[in-house]
Amino acid sequence: MRKHELTITSNDEIAHRIYEMKLNGPGVKGMTTPGKFLHVSIGKHSSKLLRRPISICDVDFEKEEVTLLYRAHGDGTIQLSQKQNGERLDILGPLGNGFSVETTPKKKNALLVGGGIGVPPLYYLGKQLKDQGVNVTFVIGFHSRKDSFYVEKFSELGETAVTTVDGTLGTKGFVTDAMEPFMCTESMIYSVGPAVMLKAVEQKAAGLDGYLSLEERMGCGIGACFACVCPTESKESGYVKICSDGPVFKMGEVVL
Amino acid sequence: MRKHELTITSNDEIAHRIYEMKLNGPGVKGMTTPGKFLHVSIGKHSSKLLRRPISICDVDFEKEEVTLLYRAHGDGTIQLSQKQNGERLDILGPLGNGFSVETTPKKKNALLVGGGIGVPPLYYLGKQLKDQGVNVTFVIGFHSRKDSFYVEKFSELGETAVTTVDGTLGTKGFVTDAMEPFMCTESMIYSVGPAVMLKAVEQKAAGLDGYLSLEERMGCGIGACFACVCPTESKESGYVKICSDGPVFKMGEVVL
Amino acid sequence: MSRLHVSLPGLNMKNPILPASGCFGFGKEYAKWYDLSVLGGITIKAATLEGRFGNPTPRVAETESGMLNAIGLQNPGVTKILENEIPHLEPYHIPILANIAGSTEEEYIEVTKQISAHPLVSAVELNISCPNVKEGGIQFGTHYQSAADLTRKVKEVSEKPVYVKLSPNVSDIVEMAIAVEDAGADGLSMINTLVGMKLDWRTGLPILANKTGGLSGPAIKPVAIRMIYEVSKRVSIPIIGMGGVATAEDVLEMMSAGASAVAVGTANFVNPYVCPEIIEKLPELLDQIGMEHISELIGRSTKEWKTPLSSR
Amino acid sequence: MSRLHVSLPGLNMKNPILPASGCFGFGKEYAKWYDLSVLGGITIKAATLEGRFGNPTPRVAETESGMLNAIGLQNPGVTKILENEIPHLEPYHIPILANIAGSTEEEYIEVTKQISAHPLVSAVELNISCPNVKEGGIQFGTHYQSAADLTRKVKEVSEKPVYVKLSPNVSDIVEMAIAVEDAGADGLSMINTLVGMKLDWRTGLPILANKTGGLSGPAIKPVAIRMIYEVSKRVSIPIIGMGGVATAEDVLEMMSAGASAVAVGTANFVNPYVCPEIIEKLPELLDQIGMEHISELIGRSTKEWKTPLSSR
Ligand SMILES: Cc1cc2nc3c(=O)[nH]c(=O)nc-3n(C[C@H](O)[C@H](O)[C@H](O)COP(=O)(O)OP(=O)(O)OC[C@H]3O[C@@H](n4cnc5c(N)ncnc54)[C@H](O)[C@@H]3O)c2cc1C
Ligand SMILES: Cc1cc2nc3c(=O)[nH]c(=O)nc-3n(C[C@H](O)[C@H](O)[C@H](O)COP(=O)(O)OP(=O)(O)OC[C@H]3O[C@@H](n4cnc5c(N)ncnc54)[C@H](O)[C@@H]3O)c2cc1C
Ligand SMILES: Cc1cc2nc3c(=O)[nH]c(=O)nc-3n(C[C@H](O)[C@H](O)[C@H](O)COP(=O)(O)O)c2cc1C
Ligand SMILES: Cc1cc2nc3c(=O)[nH]c(=O)nc-3n(C[C@H](O)[C@H](O)[C@H](O)COP(=O)(O)O)c2cc1C
Ligand code: FES
Ligand code: FES
């Protein structure tokens with residue numbers, strides 16, 4: 001939970017408007033937990049003030065290199081996509097509470113379900129689960145073939161089912177249409193994506209244990225501004241802050 | 001009078017906070033007249049919206065390269081000073097009316113007087129006058145030795161007297177303290193600098209012909225917004241616009 | 001390009017884009033950069049009865065994503081404008097919106113009489129909101145009774161539709177809008193600049209000779225959007241929206257908030273080609289959102305709200 | 001560091017910098033980033049009588065050089081704040097300015113009574129200017145008679161000095177400032193946020209669930225500087241200035257305009273270390289302009305004006 005300057009070592013479009021950015025620097029060594037995010041500044045002189053929360057997608061500790069995957073959608077991420085190798089980014093993080101692979105109960109099988117730009121953190125999570133001997137299966141969804149990414153890399157970690165809304169790759173439909181065959185009472189569910197998707201996942205996986213990663217528009221990213229609250233019934237206050245209590249919550253803990 | 005994208009080929013600090021920037025591109029070929037200026041954008045994503053007016057200091061037509069000298073003083077020029085080779089700048093220009101070497105009356109001797117960051121356009125002007133066979137003399141003033149620049153390059157064009165406010169280089173004092181010895185009835189005066197200096201030059205050179213280049217905070221740079229007016233007695237309207245009627249005016253034409 | 005056509009009282013525009021008053025002179029300068037006939041219309045610089053020299057310099061200062069100006073209504077006076085400026089615009093065949101300023105009711109009335117009678121002038125825009133002159137409009141712009149009275153009197157003499165340009169420096173802009181609508185305004189222009197100031201941190205002194213100035217540019221767009229949104233729900237006359245528009249996306253945002261046409265001010269200084277570039281891009285954006293005609297945008301924001309986060 | 005010391009009613013500050021209300025929680029989170037004892041003081045999040053959940057999300061949106069927020073005064077209520085939040089600040093030995101909000105006069109009065117009695121609270125800041133709650137302050141913030149009445153009643157029960165936080169969304173902020181000064185305010189805080197809005201151009205719908213929100217950040221600094229400048233010339237109580245401050249240079253500008261201390265809001269989100277970084281840089285800037293003590297800055301701008309262009 002510190003501020004770092006990391007140097008861009010690559011920044012390439014790997015699918016339609018999807019960029020893979022690698023960043024290098026000593027700050028990387030604290031980035032051990034999947035599901036945590038980096039709060040990325042667009043640049044000191046930019047008229048875009050607020051930082052962008054981006055999940056850790058992978059870390060190479062030997063090279064001191066973190067990988068981020070992001071979609072160039074709005075002004076800020078479009079500006080990020082124009083950055084050149086060698087430029088430095090001002091980054092806070094890792095922030096939040098991630099998927100705590102070591103301290104949470106594990107099961108033999110893990111089903112990792114992600115949609116669109118919610119997919120990236122599942123890669124780092126899947127890698128760590130596999131290292132711990134868990135049998136990982138991925139169900140990842142995209143809008144269309146041209147938006148899909150990392151399918152091969154996921155396949156190297158475990159069985160990977162792909163869905164696309166338009167049917168141009170894998171099964172036509174949503175991730176929730178494709179997850180059933182891979183679920184069993186032994187499965188631990190991990191899911192990242194928009195709230196509507198998480199809600200559907202929660203319903204499909206009723207009765208199973210799991211973790212969900214939420215997203216919301218953020219101000220501070222560190223729990224001070226109350227921009228990112230989400231209602232919960234399990235806490236006296238009635239809410240959690242996604243940036244600092246989450247973004248990862250136990251399934252059922254928050255009201256989606 | 002067009003919009004160009006020029007590529008930075010060098011951007012070096014040549015004196016304390018004084019940068020020499022070279023820019024390359026086909027747009028350079030129209031930059032034939034000294035005293036005209038370029039209206040330089042700090043960058044599309046910068047929170048600094050307004051363009052900065054910077055004088056043409058030199059042009060190499062073979063290389064299609066224009067040289068600008070600027071002082072990194074406020075936020076905008078500091079951002080300019082951080083630009084790297086290969087980055088592209090969005091530039092309007094050349095704008096305004098410069099020192100029209102070909103169409104205005106010439107004399108055998110020309111005395112070019114400039115202070116601080118008013119010095120750069122005198123270099124391009126001096127070069128052209130010399131090419132036309134005029135005998136050029138420079139009186140250039142700086143605050144201190146560490147702020148001084150281009151002294152040798154000026155000396156190659158003609159006799160060059162330097163003044164500094166603190167006496168660390170050349171004569172101690174202002175340019176107006178040092179110009180007298182170089183003035184004769186045959187001299188044409190050309191001067192660029194802050195209004196107070198131009199006023200003093202005008203007084204010293206009373207009776208002689210000459211041209212002064214003014215500066216003012218600008219909006220549009222092309223005559224549309226009326227940000228940069230200066231009173232004059234010679235026009236019915238009572239004013240001139242520095243950006244489009246100037247920045248160069250005949251001595252005596254405007255009320256300083 | 002008929003999918004961009006919009007029609008407002010007196011202003012039959014082939015697209016909804018026109019330069020904002022004071023940011024485009026009388027068109028002459030920008031006509032050297034591109035053919036003005038591509039514009040939906042043009043708002044010309046404020047006219048007063050006599051010529052005015054305006055404020056001392058410096059007249060502009062830069063702020064974060066914005067600028068301050070205190071030009072002070074410099075203009076050659078209505079007679080010279082009619083003689084020397086407006087005729088130059090004839091070849092472009094675009095509607096002309098003539099901005100009018102004054103220190104007294106009488107001055108507004110007299111200028112309106114003269115300028116609205118010119119055959120090339122399509123409509124007038126009452127500038128009751130210039131923050132940069134002591135005697136000159138702002139007193140009308142912040143008291144709604146005076147604004148309504150002035151509007152009524154100007155309407156009586158004007159040969160063309162009258163747009164009233166509202167000041168954002170008020171506690172309740174809806175009240176003001178309703179007052180001038182009731183007084184007979186044919187349309188509203190909003191917003192004028194916010195009053196602001198910048199000091200040199202080294203000296204502590206104001207950058208502008210006039211000390212305060214009008215804040216314009218992208219910095220103020222959220223205020224403009226909010227005001228247009230609130231006013232458009234409460235009046236039935238059309239709104240020419242402005243305040244910080246710099247891109248075609250901004251135009252869509254402002255029309256969604258309730259504007260029927262959009263004026264571009266400060267952005268002309270940043271990029272002289274901004275108006276034609278916006279106009280060219282509009283059809284592409286309409287395609288992206290699957291919309292046939294630009295007028296379908298107007299007031300979309302008042303439809304029921306759904307959380308936009310889940311739209312990815 | 002005594003050259004940075006400033007003293008305001010109830011607030012004896014070793015430097016003029018404090019975080020602005022709502023942008024720093026109750027200090028706990030930022031205390032993980034740096035030692036809060038370097039601060040001149042701290043403004044804590046608004047307290048209401050009962051706990052409030054606030055508005056639905058999204059609660060923030062980004063604008064050019066600014067942001068909109070519509071948090072909606074979420075807080076656990078004054079009792080829990082006194083029990084669970086304020087005690088955490090004891091170790092830092094810095095003045096605490098407690099921000100107070102409410103829907104009714106009675107609520108403001110009751111919260112003031114309770115919070116001003118806490119020994120760690122140095123002064124209270126009456127938030128009569130929150131634009132994001134329907135019932136909650138803004139009606140006091142735009143009507144100067146209500147503002148004055150409320151100030152008087154709160155002063156009667158408060159055990160600590162009272163600062164009134166003014167809304168910039170008014171036609172005449174000077175009138176408002178004078179009204180609350182006359183009613184007994186010990187100081188002013190200004191400015192709160194401007195009301196703004198942002199729409200998604202694709203859907204035309206507001207980004208914020210609350211539709212409108214409060215605009216903060218560098219975009220609004222020129223408005224803040226202007227208002228502080230105008231008000232400081234007309235009142236004799238001190239002003240805590242805020243609105244867009246992000247650098248030490250901004251602090252000098254704001255104090256020159258007339259502020260006696262400066263609060264930093266949005267900039268904390270951009271850079272969590274911004275307050276200590278500003279504090280560290282202030283002496284260097286004072287050296288650059290040859291000034292011994294920071295309090296000499298206050299109100300420099302009202303000295304006679306000289307054209308700054310010729311200063312190079
Ligand atoms: C914990 C977390 C992890 C995330 N991980 C990733 C990731 O790995 N890869 C990726 O591409 N995206 C990720 N996102 C979403 C990403 O933060 C937004 O897509 C991005 O901020 C949008 O910025 P923009 O400049 O494109 O959009 P703009 O519209 O210019 O953004 C304006 C403002 O809205 C905020 N915003 C806009 N959309 C979103 C959104 N969907 N979620 C949160 N804030 C938003 C921005 O942060 C900014 O403050 C994550 C979000 C969260 C909360
Ligand atoms: C015709 C002309 C030619 C010029 N030629 C040169 C040159 O060759 N080299 C050089 O270093 N400078 C030159 N200047 C001055 C230069 O434009 C300013 O120093 C520069 O714009 C300041 O920008 P900033 O970002 O440092 O300052 P900031 O304070 O960040 O600028 C804020 C705003 O004020 C304007 N501004 C500030 N100072 C000045 C000034 N002295 N003159 C005009 N505008 C100002 C800026 O353009 C900008 O809009 C020239 C000015 C004019 C009018
Ligand atoms: C330099 C300048 C001069 C202006 N002059 C006028 C004017 O004469 N009459 C008027 O009604 N508005 C005037 N305005 C206000 C603009 O027309 C417009 O309402 C405002 O700038 C907001 O739009 P923008 O952010 O696109 O610039 C002026 C604005 C600027 C920047
Ligand atoms: C997220 C957020 C929450 C805020 N909450 C409060 C609040 O509870 N009480 C209050 O008086 N002001 C509140 N404000 C206003 C700030 O205290 C400050 O007046 C304003 O943001 C301008 O300063 P800035 O531009 O430095 O942020 C809030 C501002 C923001 C951005
Ligand atoms: S983003 Fe500020 S509390 Fe979560
Ligand atoms: S800068 Fe606009 S008229 Fe000269």
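By convention in this document, chain letters (A, B, ...) are assigned in the order of the sequence lines, proteins followed by strands, and residues within each chain are numbered from 1.
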(request) Check D:Pro218 against C:Glu64 and note the closest heavy-atom contact, atom names and distance. (result) CB-CG, 3.6 Å
(message) Among C:Val223, C:Ile228, C:Ile173, which residue has the highest count of heavy-atom pairs closer than 4.5 Å to chain D?
(response) C:Val223
(message) Quick check: closest heavy atoms across D:Thr212 and C:Glu230, and the distance to 0.1 Å?
(response) CG2-OE2, 4.4 Å
(request) Using a 4.5 Å cut-off on heavy atoms from C-beta on, say whether the side chain of D:Thr247 contacts that of C:Trp201. (result) no
(message) According to side chain to side chain donor-acceptor pair (under 3.5 Å), who are the partners of C:Glu62, at least two apart in sequence or on a separate chain?
(response) B:Arg52
(request) Give a yes or no answer on whether the side chain of C:Arg226 reaches the backbone of D:Lys198 with a donor-acceptor pair at less than 3.5 Å. (result) no
(message) Counting heavy-atom pairs under 4.5 Å with chain C, which one of D:Gly196, D:Pro222, D:Ala61 comes out on top?
(response) D:Pro222
(request) With a 4.5 Å cut-off on heavy-atom pairs, point out which of D:Arg202, D:Met227, D:Lys221, D:Met291 contacts chain C the most. (result) D:Arg202
(request) Kindly compute the distance separating OG1 (C:Thr63) from CD1 (D:Ile220), expressed to the nearest 0.5 Å. (result) 12.0 Å
(request) Rounded to the nearest 0.5 Å, what's the gap from CE on C:Met197 to OG on D:Ser301? Could you check? (result) 5.5 Å
(message) Applying side chain to side chain donor-acceptor pair (under 3.5 Å), can you list everything that pairs with D:Gln288, at least two apart in sequence or on another chain?
(response) none
(request) Mind checking side chain to side chain donor-acceptor pair (under 3.5 Å) for C:Ser65 and listing every partner two or more places apart, or none if nothing turns up? (result) D:Ser65
(message) I'd like to know which of C:Ala219, C:Ser171, C:Ala224, C:Ala246 tops the heavy-atom pair count under 4.5 Å against chain D.
(response) C:Ser171
(request) Determine which residues belonging to residues 252-266 of chain C lie within contact range of chain D, meaning some heavy atom pair is under 4.5 Å apart, and list them by number or answer 'none'. (result) C:Leu252, C:Glu253, C:Ser256, C:Ala257
(request) Nearest 0.5 Å please: distance from the CG atom of C:Leu199 over to the CZ atom of D:Arg300. (result) 8.5 Å
